[in-house]
Every structure is written in structure tokens, then in C-alpha cells.
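Following: one structure in C-alpha cells, then a few remarks.
Please read these numbers as outputs of a predicted model, since none were measured by experiment. Below, each value reflects all heavy atoms present in this structure, side chains not excepted, and no hydrogens, waters or symmetry copies.
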Amino acid sequence: MTLNPTAKNYRVAVAAYEAGRPSYPAEIVAALSLQAARCVVDLGAGTGKFTRLLLQHLPATTRLVAVEPVAEMSAKLAQEAKVEVINTRADAIDLATGSVDLVTCAQAFHWFDNEASVAEIARLLRPGGTLALVWNNRDDRAPWVDALSLMIEKYAGDAPRQRTGHWRWILKDPRFVLEKEIVQDHPHRMARRDVFERVASTSYVANLPAAEKAALRHQTDDILREAGLGDADELVFPYVTQLFLLKRT
């Protein structure tokens, strides 16, 4: 199985991803019961936004493995965090069967919600182990965020997205039992200039021609100006964070 072509666009979005994307609420990490974990795999780790949180809360004796198929993203991850990194796909992880207590997928599972990848996750997890699916979703209840989303989604095409809900088939997969779902508001304070970096970090925007990106930057500025945020140095970008905890049967 090859890497999704749209996912390859992250090769040119590393800096934008780091600048524009939020971290995750502490309550989400606390829900993972990390103190009992001996081996954790952070799958689709990207530049390490969630990996770094795991490092802060895991016992020193726990093995943490970050898996990321896009070499440019995993290189940035390795710079930001002292962690074991495997540059591979979700369906081809060279770890022993049943050796993992927890697999986390933060902002990632919709990229590999296929049978081969789920079979690999199920193979890695010990019986009773946990799969944690986490997403920070733009909170479109804010009109200006909704306007940004409408602008971005025009370029989505058939790219995998959490919003489509296609990934939800795993919630009924017999290899897993949904144990808990947490939905939490997650306001993210950021520099106004980084709002466009958030736009540019989207996979189907990242590889657009320079002229088209420049037009999107102007549209982003217009949206912020109309919302009364044009002169702000900082603003709060609202997100809603979702956590799904699934137990391996």
C-alpha cells in the first residue's frame, strides 16, 4: 500500500504545521492512563505535537515510538523531541505482536482508516490494550472560523478528512470496543500572523501554486478584518477536541 498522494503534500508544510497547529488539552492526555503503559506507539506523529505531550507525562521507563511516513515531518519530529522514530506507514510497523499497550493517533487516523492499517494496529496491541483517536477540529460555530473552513474546503477534493466520518467504521469493528468518548472545547491562543499558517498546513492547500496561496492569504486577512481581528497581535482560535478510546478485545 502506498502513501496517499495528498499526504505527500505535508513535505512542504512542515514549518506551517508547527506554526499554525495547536497542541492538545491536558485533560485529553490525562484520560490515557499513561502511568501503566510500558510501550506506546504514536502513529502518524507528524512533527510531534502529540508526541511531545506524551513524553512529558510518560514514565521514564516507558518505550515511546513515533511512527511517521513523511520523511520531512519525521525529521522535524526528531529535532523537536528525543524519541525513537520510525519512518514508515501505518500498515508496516516493525514491532512485535502484542508488544504495545497504547497506540495514539492524533490528527491522523483518517489518513489510514483502512483494513491493512487497522489490522496492523490490532496486531501490535496486546489484548486489553488501548487505541486512542484524537482530533482537534476547527470550531465552526465561530463565524470567522466557519468562513475559513469554507475557504479551505473548496480545495479538499477527495482527500481523506475527519469531517467526512468515513473513519467511524472502526467504532463497530469487532477487534475493538469503544470505552469512552470525550468532546472538549479547546481555545488556542496564537499570533494572528499564524492563522494563515494554519490554512497553509492543510494537506490540500500546502502544495498549491504560489499565486493561489497568495490569494488565500489575502482572503484570510479579509476574513479576520471583517471579524474585527485584523489589527490584533494575538487571537484565540477556537477548536473542539475529540478523543475516542477503544479497547483491544
Task: Side chain N87, main chain E68, donor-acceptor under 3.5 Å - done: yes
Task: Of all pairs that satisfy salt bridge (Lys or Arg N to Asp or Glu O under 4.0 Å), the ones with a partner from residues 14-33, not counting sequence neighbours - done: E18-R52
Open item on the list: Hydrogens and angles aside, do S117 and D91 bring a side-chain donor and acceptor to less than 3.5 Å of each other?
Closed with: no
Task: Gap between atom CG of N114 and atom CH2 of W169 - 0.5 Å precision - done: 7.0 Å
- [ ] Check A96 against L124 and note the closest heavy-atom contact, atom names and distance.
- [x] O-CD2, 4.1 Å
Task: T249 and P127, any side-chain heavy atoms less than 4.5 Å apart - done: no
Task: For the student: nearest non-hydrogen atoms of Q184 and P25, plus distance - done: NE2-CB, 3.5 Å
Task: Over 12 non-hydrogen atoms of neighbours within 6.0 angstrom of NZ in K247 - done: no
Task: Flag, side chain of T202 to backbone of Y204, donor-acceptor distance under 3.5 Å - done: no
Task: E84: partners by side chain to side chain donor-acceptor pair (under 3.5 Å), with sequence neighbours left out - done: R63
Open item on the list: Is any side-chain heavy atom of D94 closer than 4.5 Å to one of T88?
Closed with: no
TODO: Report yes if some heavy atom in the side chain of L58 is under 4.5 Å from a heavy atom in the side chain of V40; otherwise report no.
DONE: yes
TODO: Verify the cluster assignment for F176 and I93: are they in a single hydrophobic cluster under the rule of side-chain heavy atoms below 4.5 Å apart?
DONE: yes
Open item on the list: Between Y239 and N136, is the side-chain contact (heavy atoms from CB on, under 4.5 Å) condition met? List the steps.
Closed with: CA-CA 6 Å; Y239 286 85; N136 282 325; 3.9 Å; yes
Task: Under 3.5 Å: donor-acceptor pair, side chain of R192, backbone of G230 - done: yes
Open item on the list: Looking at A206, is its backbone amide N or carbonyl O close enough to the side chain of K213 to form a donor-acceptor pair, meaning the two atoms are under 3.5 Å apart?
Closed with: yes
Task: Nearest-0.5 Å distance, CD of residue Q79 to CG of residue L77 - done: 9.5 Å
Open item on the list: A side-chain contact here means heavy atoms from C-beta on lying under 4.5 Å apart; do V205 and L208 qualify?
Closed with: yes
Open item on the list: Is there a path of hydrophobic side-chain contacts, each under 4.5 Å between heavy atoms of I/L/V/M/F/W/Y residues, joining V65 to L131?
Closed with: yes
Open item on the list: Looking at D113 and W167, would you say the former's side chain and the latter's main chain have a donor-acceptor pair under 3.5 Å?
Closed with: yes
- [ ] Please say which of R225, H218, Q219 ends up in a side-chain hydrogen bond (donor to acceptor under 3.5 Å, both in side chains) with D222.
- [x] R225
Open item on the list: How long is the straight-line distance from CG of L243 back to NZ of K180, given to the nearest 0.5 Å?
Closed with: 8.0 Å
Task: Side-chain touch L64/L55, heavy atoms, less than 4.5 angstrom - done: yes
- [ ] Please report the closest heavy-atom contact between Q107 and H110, naming both atoms and the distance.
- [x] O-CE1, 3.6 Å
Task: D101 side chain vs C39 backbone, donor-acceptor pair below 3.5 Å - done: yes
Task: Hphob cluster co-occupancy, V100 + L133, side-chain heavy atoms under 4.5 angstrom - done: yes
Task: Check: L32 and T130 side chains under 4.5 Å, non-hydrogen atoms - done: no
- [ ] May I ask whether I170 and L125 are part of the same hydrophobic cluster, defined by side-chain heavy atoms of I, L, V, M, F, W, Y residues being less than 4.5 angstrom apart, directly or through others?
- [x] yes
Open item on the list: Nearest 0.5 Å, please: how far is CD in E181 from CZ in F244?
Closed with: 4.0 Å
Task: Pairwise side-chain contact, E120 with F112, heavy-atom cut-off 4.5 Å (strictly under) - done: no
Task: Q162 and Q242: side chain donor to acceptor below 3.5 Å - done: yes
TODO: Show the numbers, then the answer: is there a side-chain contact (heavy atoms from CB on, under 4.5 Å) between V134 and T104?
DONE: CA-CA 8 Å; V134 187; T104 61; 5.8 Å; no
TODO: Could you tell me the separation between the NE2 atom of H186 and the OG1 atom of T241, rounded to the nearest 0.5 Å?
DONE: 4.5 Å
- [ ] Would you kindly confirm whether V103 and V83 end up in one hydrophobic cluster when ILVMFWY residues are joined by side chain heavy atoms under 4.5 Å apart?
- [x] no
Open item on the list: Please determine whether a side-chain nitrogen of the Lys or Arg among E115 and R175 lies less than 4.0 Å from a carboxylate oxygen of the Asp or Glu.
Closed with: yes
Task: Residues R163 and D140 bridged, charged N to O under 4.0 Å - done: yes
Task: Verdict with reasoning, V177 to L246, per side-chain contact (heavy atoms from CB on, under 4.5 Å) - done: CA-CA 5 Å; V177 174; L246 296 95; over 6 Å; no
- [ ] Check whether any side-chain N or O of T220 sits under 3.5 Å from a backbone N or O of L216 as a donor-acceptor pair, and report yes or no.
- [x] yes
TODO: Take atom CZ of R38 as the centre, draw a 6.0 Å sphere, and report whether it contains more than 12 heavy atoms from other residues, nucleotides or ligands.
DONE: no
- [ ] Measure across K49 and S23 and return the closest heavy-atom pair with its distance rounded to 0.1 Å.
- [x] O-OG, 4.2 Å
Open item on the list: What I want to check is whether the side chains of Y17 and E197 have a donor and an acceptor closer together than 3.5 Å.
Closed with: no
Open item on the list: Can you confirm whether I28 sits close enough to I182 that some side-chain heavy atom of one is under 4.5 Å from a side-chain heavy atom of the other?
Closed with: yes
Task: Output field: ring centroids W135/Y24 closer than 6.0 Å - done: no
Task: Criterion side-chain contact (heavy atoms from CB on, under 4.5 Å) on W144 and E226, from CA distance to verdict - done: CA-CA 8 Å; W144 67 270; E226 290 173 9; over 6 Å; no
- [ ] May I have the step-by-step check of salt bridge (charged side-chain N to carboxylate O under 4.0 Å, His left out) for E80 and K76, ending in yes or no?
- [x] CA-CA 6 Å; E80 297 293 329; K76 180 65 174 177; 3.0 Å; yes
Task: From OG (S33) to NE2 (H57), nearest 0.5 Å - done: 12.5 Å
